[in-house]
Amino acid sequence: MDVLLNQYYLQIAIFVLLNAILGVSIYMTLSTGQLSLGNAGFMSIGAYTCAILTVKAGLPLYLAIPIGGIAASFMSIIIGFPALRLTGIYLAIATLGFGEVVRVIILNLKITNGALGISGIPTLGAKIGKVFSSLGFSQGIGGLTAQQTSNLMVLVVLILSLAFLVFFCTRLNRSRVGRAFAAIKADEAAAEAMGINTTYYKLLAFALGALIAGIAGGLSAHLTFFIGPKDFAYNRTVEILTFAVLGGSDLIIGPIVGALLLTLLPELLRSASEYRLMIYGALMVAMMAFRPQGLISEETVRFWKGKLGRRVKK
Amino acid sequence: MFWQQLVNGLTLGSTYSLVALGYTLIMGVLNIINMAHGEIFMFGAFVGLFLVTYLKVNIFVAMAGAMVACALLGILMEMIALRPLRRRAVSDLAPLISTIGVSIFLENLALKIFGPQSQAFPSGALSGVQMQLGPVQITLVQIVILVISFGLMFVLRFWLSKTRVGKAIRTTAESIETANLLGINTNKIILLTVALASALGGIAGVLVGLSINAVEPTMGLSMGLKGLAVLILGGMGNITGAMLGGLILGIAEVFTVAYGASSYRDAVAFGMIILILFIRPQGLFGSSTRQGGRF
C-alpha cells in the first residue's frame, strides 16, 4: 500500500487529472468546430482570481474556485462576441492574441505581483488535512499517514470533478444544445439555414470551455502552491491543444486519453525528457498527416463495439 | 525626439512588414496560417550569425545565405507538413495544428543545437557607425534595414504584378483548381511561394538580429506573434496591408515605449488586433466583400 501511495505517484495522478480537465475545456470549444488558442489565458484568469481571493481576501476554496471559473467565462463572452463572428482561423489567432494580452497585463499589475507571481497559496491538500485533523483524524485514517490521506482526498476531489464534467458533457451531447453543437461542427452554413442560432451556440461552447479552463486554473493554483505569468504562456496552450490532437476531439474520452498519455509519457521516458517538446512537435505533424481525427474517433469506437459485440454473441 | 522615434519606428516596422509578408504570401496562396514562420525567421538569424562568426563572410553574403537556407527549410516544411494534408480533405484547422507542430519542433531543435543563451553578431558587422540627418540620428544598421526591406517589398510587388510567374502565383491564390485547369503546375507554384516566404523570413531574421544584436531560440515566437498581428491588422492575404500594417505596428510600439508605457510594449500588437476585430474584422486594407481580399 505504501509503495502504491507514495508522494510521486500521487503527484503524477493529480497532474493527469488536472490535464484531463484542461483537455475537456478544449474539447468543449472544438465540439462546435472552433479552435480556441486562449485556454491558457482563461486558465490564468481563473488561477489568479482564485488565488487573489483566497490569499488576500481569505475566501474559502469552494467559493473561490467557481468564482475564478465564472470570471474566465465572463471574459470569454466579452472577447467572444467579436471573434466568433469570424472564421475558425481568425478565432484561433484572436484568442492566441488574447492570451498574450492577459499575460502582459498580469505581468504589469500590482495585485498579481508581476513577474514574481503569487506564492504561499494554501494548497488543497493542506486545507483538507486541516479539516481532517479538526475531525479528530490528525494521525490519518486506517494505517495511512495524514499526508497520504489528504493527498488521496485531493485525488478524490479531482476524480469527482472530472467525472462530473464527463457526465455533464455526455448529457449535453444528447440534448438540444449538443445536437446544435454537432450541427455547427458538421456544416455551419447548413446549421444556420436550419434555424440554429450559430452565434449563440458558438458563444455558449466558447464560454463553457473558458469556464472549465478557469476552474482548472483555480485548481492548479491550489495544487502547486505558486503561480506565475510564465505558467500560462503560449506553451501551455499548445500543450492543451496536443491533448485534443493526440486523443481526438470527436468524443470526450479523446482529450482525456490524450492528457493521460502525454502526462505519463515524459515520466516513463525520463531519459528522453529533453527531447519531450521535439517529440510533441513531430507528433502533431505526424498526427495531422496520418490520423487527423486523433487516436479515438467515432469510427474507432464503433469498430471495437462491433468486434466485442460479436464475440459476446458467440 | 518625435522624428527620431519615427525613424526608429519605421525601422522596426519594416522588419515586421517583411515577416508579415511571409505570412501573407502563404495565406494568400494556400489559405493557411503558417505558425512555423517565426521559427524559420529565427533559423535565418542563426544561419546569418553562423556565417558571419565562423566562416567570416561579409554580412550581405550572410543575408543571402540565410535566405537560401530558409528557403530550403520552407520547402522541406511544405513537403513534410503541408503537402500530405492537401492530398486528403481535412478541416482547415489541420494545417494550423501541423505548422504549430513544426514550430515547436524547430524551436526545441534550435535550443538543442545553439543553447538557450542569446548570442550577438561580432562587432564590426555594420555596428557602431552613426550619422546625423537633420534632427535625426540614424545608424548604418538602420539604413541597411530600411533599404533592404523597402527594396525587397517593392521588388516583390512588381514581380507579383508584372511577371509571368507572379501572375501564376496570383492565379493560384484565386483558385488552385482553376489554376490547375489553366495548365499551371500548382504544386511547383506553392513550393515556390513557401520558399519565397521563408526566404523573406530568413533575411528578416538576420536584419533583426543585427539591429537588436541578440539572436536566441525564443526570438521566433515573439516575432511570429507580431507577424500574425500585422496579418490581421492589414487584412489576411493582402500585400499592401502587410506592408503598411507592419509599419503602423512598429511606429505604435516605439511610441508606446517612448511615451511611458514601456512594459506594455508587447500588448500593443494584440490590443490593436482585438480593437480591429471589434471595428473592422476584415482588417484595415481588406475588402469586405471577400474574406481577406487577396493580393
Side-chain angles (χ1 to χ4, degrees), chain A residues 30 33-35 37 41 78-79 81-105 107-109 114-115 185 233-235 237-239 241-242 244-245 249 274-293, chain B residues 27 31-33 35-36 39 77 80-85 87-88 90-109 111-112 221-222 224-225 228-229 231-232 236 261 263-279 281-283 291-292:
Chain A
L30 274 171
Q34 305 285 310
L35 178 61
L37 294 178
I78 294 177
I79 194 74
F81 252 118
L84 285 172
R85 283 184 308 184
L86 308 158
T87 56
I89 289 175
Y90 267 104
L91 181 71
I93 303 306
T95 47
L96 184 67
F98 166 74
E100 277 299 293
V101 170
V102 169
R103 194 179 60 83
V104 174
I105 289 175
L107 213 53
N108 282 299
L109 283 184
K185 186 180 185 181
Y234 175 72
N235 285 341
T237 296
V238 169
E239 202 183 313
L241 177 64
T242 358
V245 169
S249 54
E274 41 184 324
Y275 295 100
R276 184 178 70 121
L277 284 167
M278 265 162 94
I279 296 173
Y280 273 21
L283 195 69
M284 284 169 94
V285 176
M287 286 303 286
M288 284 301 116
F290 299 113
R291 210 176 152 74
Q293 71 273 43
Chain B
M27 179 76 209
N31 214 9
I32 62 171
I33 288 180
M35 296 292 284
E39 275 61 36
M77 180 190 77
I80 294 173
L82 299 179
R83 189 167 293 184
L85 305 188
R87 290 221 187 90
R88 45 202 288 184
V90 286
S91 81
D92 56 343
L93 294 178
L96 191 75
I97 295 170
S98 181
T99 49
I100 289 179
V102 174
S103 80
I104 301 173
F105 184 83
L106 286 179
E107 186 185 338
N108 289 285
L109 185 70
L111 273 171
K112 201 93 205 102
L221 179 61
S222 59
L225 291 176
L228 280 178
L231 185 71
I232 290 199
M236 288 212 187
S263 52
Y264 279 97
R265 180 186 158 165
D266 286 337
V268 170
F270 285 103
M272 278 169 109
I273 286 197
I274 290 170
L275 210 66
I276 280 288
L277 286 177
F278 267 112
I279 304 165
Q282 71 271 32
Q291 194 77 56

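The candidate with the highest count of non-hydrogen atom pairs below 4.5 Å against chain A, out of B:Leu82, B:Ile33, B:Ile80, is B:Ile33. Counting heavy-atom pairs closer than 4.5 Å to chain A, the top residue among B:Ile97, B:Leu228, B:Leu111 is B:Ile97. Highest contact tally toward chain A, considering only B:Leu231, B:Leu225, B:Ile32, is held by B:Leu225 [criterion: heavy-atom pairs under 4.5 Å].
With a 4.5 Å cut-off on non-hydrogen atoms, B:Leu109 touches chain A through its backbone and its side chain both. Contacts between A:Val285 and chain B at a heavy-atom distance below 4.5 Å involve backbone atoms as well as side-chain atoms. Of the atoms belonging to B:Leu221, it is side-chain heavy atoms, and not backbone ones, that fall under 4.5 Å from chain A.
Annotation for B:Thr99 and B:Met35: closest pair OG1-N, 3.3 Å, computed over non-hydrogen atoms. For the pair B:Ser103 and B:Ile100, the tightest heavy-atom approach, listed with the atom from each and the gap, is OG-O, 2.7 Å. Pairing each heavy atom of A:Ser249 with each of A:Lys185, the nearest pair is O-NZ, 3.7 Å.
Looking at B:Ser98, its side chain never comes within 3.5 Å of a backbone N or O of B:Ala94 through a donor-acceptor pair.
Contact of the A:Ile79 side chain with the A:Thr95 side chain is not registered, since no non-hydrogen atoms from C-beta on lie closer than 4.5 Å.
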